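See structure below.
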Amino acid sequence: SPQFLQLTQKIDFQFRITGKKVFQKYEVTFPLLIFFAFKNLYEEDLIKIEHYADKAKKSLSKARIMIICEAIDPNILPEIKCSYMDNFFVLRKQKIGTKQNPISADVLKSIYDKINEYLYQGEEEGKLFERVGYIS
C-alpha cells in the first residue's frame, strides 16, 4: 500500500495449532487516524482515497480518515458529502483556480481539535479533568 501519514496500532498475533510445536506469528497493523495530504484535491485523488478509506474502515471500523488539502476542485464538492471520509480540511479555504488565499489559522486549529477529539474519545470522565482541567 502507499505511504500515508497515519497513526496505527501494531499487534503481534501468534498462535499454535493443537498438537503442533511450531507457533505461527503475524504482525497486524490497525489504522487509527489516516491523513491524506494534497496541494490540490482532484477527482482522481478522491477515487484513490475512497478505495483506501474503504479498506481502512473494513480493517477497523473506528478508523478515522482525514483529508487535508490547500485547494479543492469545485466539480467534486457534491461527491465529498457522500463518501467514507470523516473530515475534509481545505487549508486556504478556496477552490482550484481562484486567487490564492493564505493558509487559515482557523483551519489548523480545527485540525488540531479534531485530532484531539479522536485521540481522547472514550476517555474516562474521572481521568479527563486531569488533562483538560475542567469537568463537564
Side-chain angles (χ1 to χ4, degrees):
S1 68
Q3 295 294 318
F4 308 121
L5 299 172
Q6 61 184 343
L7 174 66
T8 61
Q9 177 65 51
K10 291 188 180 200
I11 297 176
D12 285 332
F13 178 66
Q14 63 181 4
F15 62 91
R16 182 174 62 89
I17 298 174
T18 306
K20 301 278 185 173
K21 294 182 181 180
V22 179
F23 277 91
Q24 299 289 327
K25 185 174 181 178
Y26 299 96
E27 183 177 82
V28 181
T29 303
F30 291 110
L32 302 174
L33 291 176
I34 300 175
F35 299 91
F36 292 92
F38 297 93
K39 180 167 179 68
N40 296 314
L41 184 67
Y42 294 100
E43 187 173 11
E44 300 83 34
D45 301 321
L46 194 61
I47 292 168
K48 292 175 193 173
I49 294 169
E50 282 283 336
H51 172 72
Y52 293 118
D54 180 46
K55 285 185 166 204
K57 294 278 186 174
K58 285 181 180 174
S59 63
L60 184 66
S61 62
K62 291 185 177 187
R64 299 290 179 231
I65 313 300
M66 302 173 85
I67 298 175
I68 302 170
C69 64
E70 289 188 27
I72 190 166
D73 184 357
N75 298 329
I76 64 171
L77 289 175
E79 295 177 31
I80 288 176
K81 294 178 183 175
C82 57
S83 66
Y84 287 109
M85 281 26 102
D86 295 300
N87 300 103
F88 284 90
F89 296 99
V90 182
L91 295 174
R92 295 188 187 276
K93 298 182 180 180
Q94 70 183 34
K95 298 174 186 173
I96 295 171
T98 60
K99 180 181 164 253
Q100 193 172 25
N101 299 328
I103 292 177
S104 171
D106 296 341
V107 178
L108 295 175
K109 173 85 168 92
S110 297
I111 294 170
Y112 176 79
D113 291 342
K114 194 51 78 172
I115 291 170
N116 280 330
E117 177 186 328
Y118 289 148
L119 290 178
Y120 298 109
Q121 172 178 340
E123 193 171 329
E124 294 179 24
E125 288 290 324
K127 300 266 184 190
L128 185 62
F129 80 94
E130 293 174 358
R131 185 175 56 77
V132 296
Y134 65 89
I135 299 172
S136 56

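FYI, the numbering just counts along the sequence from 1. Keep in mind the model is a prediction, meaning the values are calculated, not measured.
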Verify same cluster id: [X], [Y] (apolar side-chain graph, 4.5 Å):
{"X": "Val90", "Y": "Tyr42", "answer": "no"}
{"X": "Ile11", "Y": "Phe15", "answer": "yes"}
{"X": "Tyr112", "Y": "Ile103", "answer": "no"}
{"X": "Phe35", "Y": "Leu91", "answer": "yes"}
{"X": "Val107", "Y": "Tyr118", "answer": "yes"}

Q.
Please check: side-chain N/O of Asp73 versus main-chain N/O of Leu41, any donor-acceptor pairing under 3.5 Å?
A. no

Q.
Quick check against the 3.5 Å criterion: does Asn101 have a side-chain atom that pairs as donor or acceptor with the backbone of Arg92?
A. yes

[X] and [Y]: which non-hydrogen atoms are nearest, and at how many Å?
{"X": "Lys57", "Y": "Ala63", "result": "NZ-O, 2.9 Å"}
{"X": "Met66", "Y": "Ile111", "result": "CE-O, 4.5 Å"}
{"X": "Thr8", "Y": "Pro31", "result": "CG2-CA, 4.1 Å"}

Can you tell me how far apart [atom1] ([X]) and [atom2] ([Y]) are? Round to the nearest 0.5 Å.
{"X": "Lys95", "Y": "Ile72", "atom1": "NZ", "atom2": "CD1", "value": "9.5 Å"}
{"X": "Leu60", "Y": "Gln9", "atom1": "CG", "atom2": "CD", "value": "10.0 Å"}
{"X": "Ile67", "Y": "Phe88", "atom1": "CD1", "atom2": "CZ", "value": "3.5 Å"}
{"X": "Ile65", "Y": "Ile34", "atom1": "CD1", "atom2": "CD1", "value": "4.0 Å"}
{"X": "Ile76", "Y": "Glu44", "atom1": "CD1", "atom2": "CD", "value": "9.0 Å"}

Q. Which pairs pass salt bridge (charged side-chain N to carboxylate O under 4.0 Å, His left out) with one or both residues in residues 28-42, sequence neighbours excluded?
A. Lys39-Glu70

Are side-chain heavy atoms of [X] and [Y] found at a separation under 4.5 Å?
{"X": "Arg16", "Y": "Lys21", "value": "no"}
{"X": "Arg64", "Y": "Asn87", "value": "no"}
{"X": "Asp54", "Y": "Glu50", "value": "no"}

Q) Hey, what else clusters with Val22 if you join Ile, Leu, Val, Met, Phe, Trp, Tyr whenever side-chain heavy atoms sit under 4.5 Å? A) none

Q: Apply side-chain hydrogen bond (donor to acceptor under 3.5 Å, both in side chains) to Lys114 and list each qualifying residue two or more places apart in sequence or on a separate chain.
A: Glu117

Q: For the pair Phe36 and Phe38, name the ring-plane relationship: parallel under 30°, tilted 30 to 60°, perpendicular over 60°.
A: parallel

Q) Step by step, would you call Leu7 with Leu119 a side chain to side chain contact (heavy atoms under 4.5 Å, CB included)? A) CA-CA 10 Å; Leu7 174 66; Leu119 290 178; 3.4 Å; yes

